[in-house]
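Working notes, structure below.
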Amino acid sequence: MLKTDIVAVLEDIAELLELKGENPFKVRAYQSGARALEAMEEELGDVIADDRLGKIKGIGKALVEKITTLHETGELEYYDKLRDSVPASMIELLTIPNLGPKKIKKLHDALGIDSIDSLRAACEAGKVAEIPGFGAKTEEKLLSGIANREAYQARHHWWEAAAVAEPIVEGLRELPEVQRAESAGSLRRMRETVGDLDFIVASTDPKPVMDWFVGLEEMVEVTAHGQTKSSVRFHGGLQADLRVVPPEQFAFALLHFTGSKDHNVRMRQRALERGWSLSEWGLFDKDSKPEDPDRQSVIVAESEEEIYAKLDMKWVPPELREDRGEIEVGAKGSFPQLVEVEDIVGVFHNHTTASDGRNTLEEMTAAAEALGLEYLGIADHSKASFQASGLEEERLTAQIEKIRALNASGKFKCHVFAGSEVDILKDGSLDFDNDMLAQLDYVVASVHNALTLTEEEMTARIIRAIENEHVTMLGHMTGRLLLRREPYAVNVGKVIDAAIANNTIIELNANPWRLDMDWRHWKAASEKGLLCAINPDAHDTDGLALFVAGVNVARKGWLEPRHILNCRPLAEVKQYFGVE
DNA sequence: GCCGTTTTCGGCCCGACTGTTTTCAGTCG
């Protein structure tokens, strides 16, 4: 069984145990075991063979056995028995807001409810309100939760969530009662998708701030409205939480609600080791109680830096707060200088009206120049992508000449590189022959069809393309479309190794719906010597600016300017491409 | 189920909000 499937089994087990009312820490152990396995870069088969699985933090004796059995046989008796003991339709009940394992168990014991359908029927018949601990309001909330389940569960692309959040933060900052306001949560951590928005505000007068927030025009439902916290749902299901705290607690609240949960757990452990307890309210003596009116924070912190410093750490950039090594690095010393938007001086992989773009070569060049870019790489589709009006040899040759003439004309300061996004055909050969490819300044090779090959076939196909001496970079490695299409089966580790061995770049496709190759792979890959290009894959002039989304996730992948080709000035890029 | 220079047993992050309660359990993040 493949690693990704084993991860899914472990997550399944955690859910089933949760439903059965098992020890929550056991549930967490399966969840963190699943995460540890997921984050493991090496080949699972190798790790098992070397007897190193149990050395990974979060994977103990029991999980080593279960993972090994699943890897070798694809089956696990423990899992099968567990599944047989819980109706599959019950797992779905966990996706309803305000419904957790305890209530589900009560519903099952009292009314035999084992699915969303039977729950809906029981609510509509008024039977749920009769169960002790439940009431009319709960019944109402459950029905609304069932009705809006899909919208509530939906995650949102970072780019879109940011567009919603930005005006709200601005609006909060303009309120006279507000001293400071920030977005926190996965939005601040630059996750590729965002579940809900978190706003943290410093104010000594929370009420008007809360009232402004729950009165926002886009709001359709207020789900909480308390002393320090309000929650609303916007049209489309996006949820937003606002927390208003006294100014002296702002840094603690911002740290806490930025997360991630795993990062917070590590930070709190660190505090405990030093005799303190860390929460969103401050850093307190370990043995003090929240209800104690005299409780005082051990430090006054204006900023997150001061909290980290008190725990003997450097400030951790929010993008890195995923418990993927940042605690250890922050405790030892400084973080690398992560790439910033200003470091990007040019962009490759962009389309024009010659294939499926919506702006001409000149319009794209003008737009790149307006963005202050030194160079623009054009890479229209090749002929196999006929659905995208891919260029055949004659049209590509003409485009190359046009680009050379445009550069020679001196009309723009922005230099244009002539490239192609050439299709990787099913067998790994390319859509143009080497003579054609040799005339280009650079070549992006991408898979656009036959997406259902086996992992072995797809990996071999892509590696064959990487091995072609004319291929400069690999486009959108897994073909994923976030929240819409899963990545195709490909062994990412082997592709990375092949790219390094052949001096081929792997692109970080910056389209907010792709962000491919995934940020989780970049740290280890760049340490091994992989070079990155942050490519907007722009199909119109507005699309050029999408490289910003790529910079966000590049930072999540610990990338520095030295790891990224388009942080290099024009002359160096020309040299890299071997062109004049 | 995991983990350990205070540990191989007894912990495991902490607190707000809601609803249904007469003091708290459940859920969420």
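Worth knowing before you read on, the calculation uses all heavy atoms, side chains too, and leaves out hydrogens, waters and symmetry mates. Below, read A as the first sequence line, B as the second, and so on, with proteins coming before strands; counting in each chain starts at 1. Model, not experiment: these values are computed from the prediction.
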N or O in side chain of [X] less than 4.0 angstrom from [N] OP1/OP2:
X: A:Thr228; N: B:dC17; answer: yes
X: A:Arg28; N: B:dC13; answer: yes
X: A:Lys229; N: B:dG15; answer: no
X: A:Thr138; N: B:dT20; answer: yes

Students often get this wrong, so: under 4.0 angstrom with heavy atoms, is [X] touching a base, only sugar-phosphate, or nothing?
X: A:Pro24; result: nothing
X: A:Lys141; result: sugar-phosphate
X: A:Phe257; result: nothing
X: A:Asn264; result: nothing
X: A:Ala136; result: sugar-phosphate
X: A:Lys286; result: nothing
X: A:Ser277; result: sugar-phosphate

Suppose you measure atom [atom1] in [N] against the same atom in [M]; what distance do you get, rounded to whole Å?
N: B:dC17; M: B:dC13; atom1: P; value: 22 Å
N: B:dC3; M: B:dT8; atom1: C1'; value: 10 Å
N: B:dG1; M: B:dT5; atom1: P; value: 23 Å
N: B:dC12; M: B:dG19; atom1: P; value: 30 Å
N: B:dG26; M: B:dT21; atom1: P; value: 13 Å
N: B:dT7; M: B:dG15; atom1: P; value: 27 Å
N: B:dC2; M: B:dT6; atom1: P; value: 23 Å
N: B:dC14; M: B:dC9; atom1: C1'; value: 24 Å

May I have the distance from [X] (atom [atom1]) to [N] (atom [atom2]), rounded to whole angstrom?
X: A:Trp281; N: B:dA16; atom1: CH2; atom2: P; answer: 6 Å
X: A:Lys57; N: B:dG1; atom1: NZ; atom2: P; answer: 18 Å
X: A:Arg270; N: B:dC12; atom1: CZ; atom2: C1'; answer: 19 Å
X: A:Arg233; N: B:dC28; atom1: CZ; atom2: P; answer: 10 Å
X: A:Ile200; N: B:dG29; atom1: CD1; atom2: C1'; answer: 11 Å
X: A:Arg243; N: B:dC17; atom1: CZ; atom2: P; answer: 8 Å
X: A:Asp241; N: B:dG15; atom1: CG; atom2: P; answer: 18 Å
X: A:Arg268; N: B:dC14; atom1: CZ; atom2: C1'; answer: 4 Å

Under 3.5 Å, is there a donor on one side chain and an acceptor on the other for A:Thr193 and A:Arg155?
yes
Provide the closest heavy-atom pair for A:Ala181 versus A:Val169 in the form atom of the first, atom of the second, distance.
O-CG1, 3.9 Å
How far apart are the closest heavy atoms of A:Leu278 and A:Arg268, and which atoms are they?
O-NE, 3.1 Å
Can you identify which nucleotide, out of [options], has its nearest atom closest to the [X] side chain?
X: A:Phe25; options: B:dG26, B:dC17, B:dG1; answer: B:dG1
X: A:Lys137; options: B:dG15, B:dT20, B:dC28; answer: B:dT20
X: A:Leu63; options: B:dC2, B:dC13, B:dA16; answer: B:dC2
X: A:His256; options: B:dA16, B:dT27, B:dG29; answer: B:dG29
X: A:Pro101; options: B:dT27, B:dC17, B:dG29; answer: B:dT27
X: A:Asn23; options: B:dG1, B:dC17, B:dC28; answer: B:dG1

In the structure shown, which nucleotide is the Watson-Crick or G-U wobble counterpart of B:dT27, with both distances under 3.5 Å?
B:dA16
Is the terminal nitrogen or CZ of [X] (NZ for Lys, CZ for Arg) located under 6.0 angstrom from the six-membered ring centre of [Y] and within 45° of that ring's axis?
X: A:Arg28; Y: A:Tyr30; result: no
X: A:Lys556; Y: A:Trp519; result: yes
X: A:Arg243; Y: A:Phe257; result: yes

Would you check, one step at a time, whether the test side-chain contact (heavy atoms from CB on, under 4.5 Å) holds for A:Val201 with A:Gln179?
CA-CA 7 Å; A:Val201 162; A:Gln179 300 186 14; over 6 Å; no
Of A:Ser230 and A:Ser279, whose closest DNA chain B nucleotide lies nearer the 5' terminus?
A:Ser279
DNA chain B nearest-nucleotide lookup for A:Ala224 and A:Lys61: closer to the 5′ end is A:Lys61
Show your reasoning for whether salt bridge (charged side-chain N to carboxylate O under 4.0 Å, His left out) applies to A:Arg514 and A:Glu192.
CA-CA 9 Å; A:Arg514 292 188 182 273; A:Glu192 62 274 39; over 6 Å; no
Mind telling me if B:dT5 is syn or anti? Syn here is a glycosidic angle within 90° of 0.
anti
